[in-house]
2 protein chains.
Amino acid sequence: MNISRAAVLSGVSAKMIRHYESAGLVPAAARNGSGYRVYSMDDVHRLAFIRRARAVGFGTPDIRQLLSLWQNRRRPAREVKRLAVEHLAQLQTRIADLEAIADTLSHLIGHCHGDERPDCPILDSLAADDRQPAASASSKPRQAGKK
Amino acid sequence: MNISRAAVLSGVSAKMIRHYESAGLVPAAARNGSGYRVYSMDDVHRLAFIRRARAVGFGTPDIRQLLSLWQNRRRPAREVKRLAVEHLAQLQTRIADLEAIADTLSHLIGHCHGDERPDCPILDSLAADDRQPAASASSKPRQAGKK
DNA sequence: TCTTGACCTTCCCCTGATGGGAAGGTCAAG
DNA sequence: CTTGACCTTCCCATCAGGGGAAGGTCAAGA
């Protein structure tokens, strides 16, 4: 089958199929006489696997490893679990970071009256000096020797 | 002062100061006789404002608007609050998405024994067929007329 | 005065996943 | 043969940065 059919069956756009090929996530597709890429159902399954792995947030290097573990009949489940646990930890870190930002923001929003008046704690907070005065050095101290 | 001093005082790297200039977030800096960029404390404050806005996750277009609201003495706080509320909503959407992914992943992890055996529900789930069979069409139905 | 090295400039490439679009070749139906 | 749906490769853009090269400028010390 051609690439667009493989795209429909796998749920991965033709654009991304070519991209995964150039990124080495999938082996270079076979070609027919006119240079068109030709796919088998095995290829489609592999692409769908990639789509699902991406849907749970795995990045290219992780997916590469997952694919090779998937191919290998004798893989230990331990390896797969380790990858997943690491990835989950990263996700949780990102979530916590975003939550901290959201908390800050909603705090600011709660203090802003939000009417016609120009005074606004949100802007005030963005404009506030949050860095300590950096000791001395008046203008251009052309470092005597930094590192 | 030169760009590296402005970078230290504002907490924005010299690289990013140039980037913000080319992106139009800050007006083109004044130049001295040799073409070096020259900054005032006003410029530094503006850069620090950008840094803080980025720290709460605002993107370039939002920051552009926040800066112009900040400059304008007669702005209504309403405008600022609206931007912040919109941005918060986007943050919460992203957080919810990530949490859904994390939940899925931790569910899978919980079902994986993670030892030497090769059977692994994580890989099984990534390999599982999750798309309905797409009706018919056997091979290459070269569309008679799609859209 | 010359040397040195810290600083400045512009320009280009990289990230990661994805899409848009152009230029040009192929194929099948009418 | 024409048409248009499909395929190919290549380049560009996103976002918020960072890395680094090539080359000009400046100030301090010998």
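Computed from a predicted structure; not experimentally measured. Convention: sequence-line order gives letters A, B, ...; per-chain numbering from 1.
Rounding to whole angstrom units, CD1 of residue A:Ile50 and C1' of C:dG16 are separated by 15 Å. As a whole-Å value, the separation of B:Arg5 CZ from C:dC8 P is 12 Å. B:Met1 has its CE atom 22 Å from the P atom of C:dA6, to the nearest Å. Distance CD (A:Glu21) to C1' (D:dT8): 12 Å, rounded to an integer number of Å. What separates CZ of A:Arg31 from C1' of C:dG25 is a distance of 13 Å, to the nearest Å. In this structure, the CZ atom of B:Arg18 is 12 Å from the C1' atom of D:dG20, given to the nearest Å. Nucleotide C:dC8 holds its P atom 7 Å from the CD1 atom of B:Ile3, rounded to whole Å. In this structure, the OH atom of A:Tyr36 is 8 Å from the C1' atom of D:dT8, given to the nearest Å.
Taking only side-chain atoms of A:Asn2, from C-beta outward, the nucleotide of C:dT9, D:dC7, C:dG19 with the closest atom is D:dC7.
Contacts of B:Arg37 with the nucleic acid, taken as non-hydrogen atoms under 4.0 Å apart, involve only primed sugar atoms and P, OP1 or OP2.
Pairing for D:dG29 is with C:dC2, a Watson-Crick or G-U wobble pair whose two hydrogen-bonding atom distances lie under 3.5 Å. Across all strands shown, the partner of C:dT26 is D:dA5, judged by Watson-Crick or G-U wobble contacts whose two distances both fall under 3.5 Å. Nucleotide C:dA17 forms a pair with D:dT14, judged by Watson-Crick or G-U wobble geometry with both contacts under 3.5 Å.
Comment: B:Arg82 engages B:Glu79 in a salt bridge, judged by a side-chain N to carboxylate O separation of less than 4.0 angstrom.
Comparing B:Ser34 and B:Arg54 by the nucleotide of DNA chain D whose heavy atom lies nearest to each, the residue mapping closer to the 5' end is B:Arg54. Two residues, B:Lys15 and A:Lys15, neighbour DNA chain D, and the one matched to the more 5' nucleotide by heavy-atom proximity is A:Lys15.
Below the 3.5 angstrom threshold, one finds no donor paired with an acceptor across the side chain of B:Tyr20 and the base of D:dG17.
Using modelled atom types, one side-chain atom of B:Asp43 and one backbone atom of B:Ser40 make a donor-acceptor pair closer than 3.5 Å.
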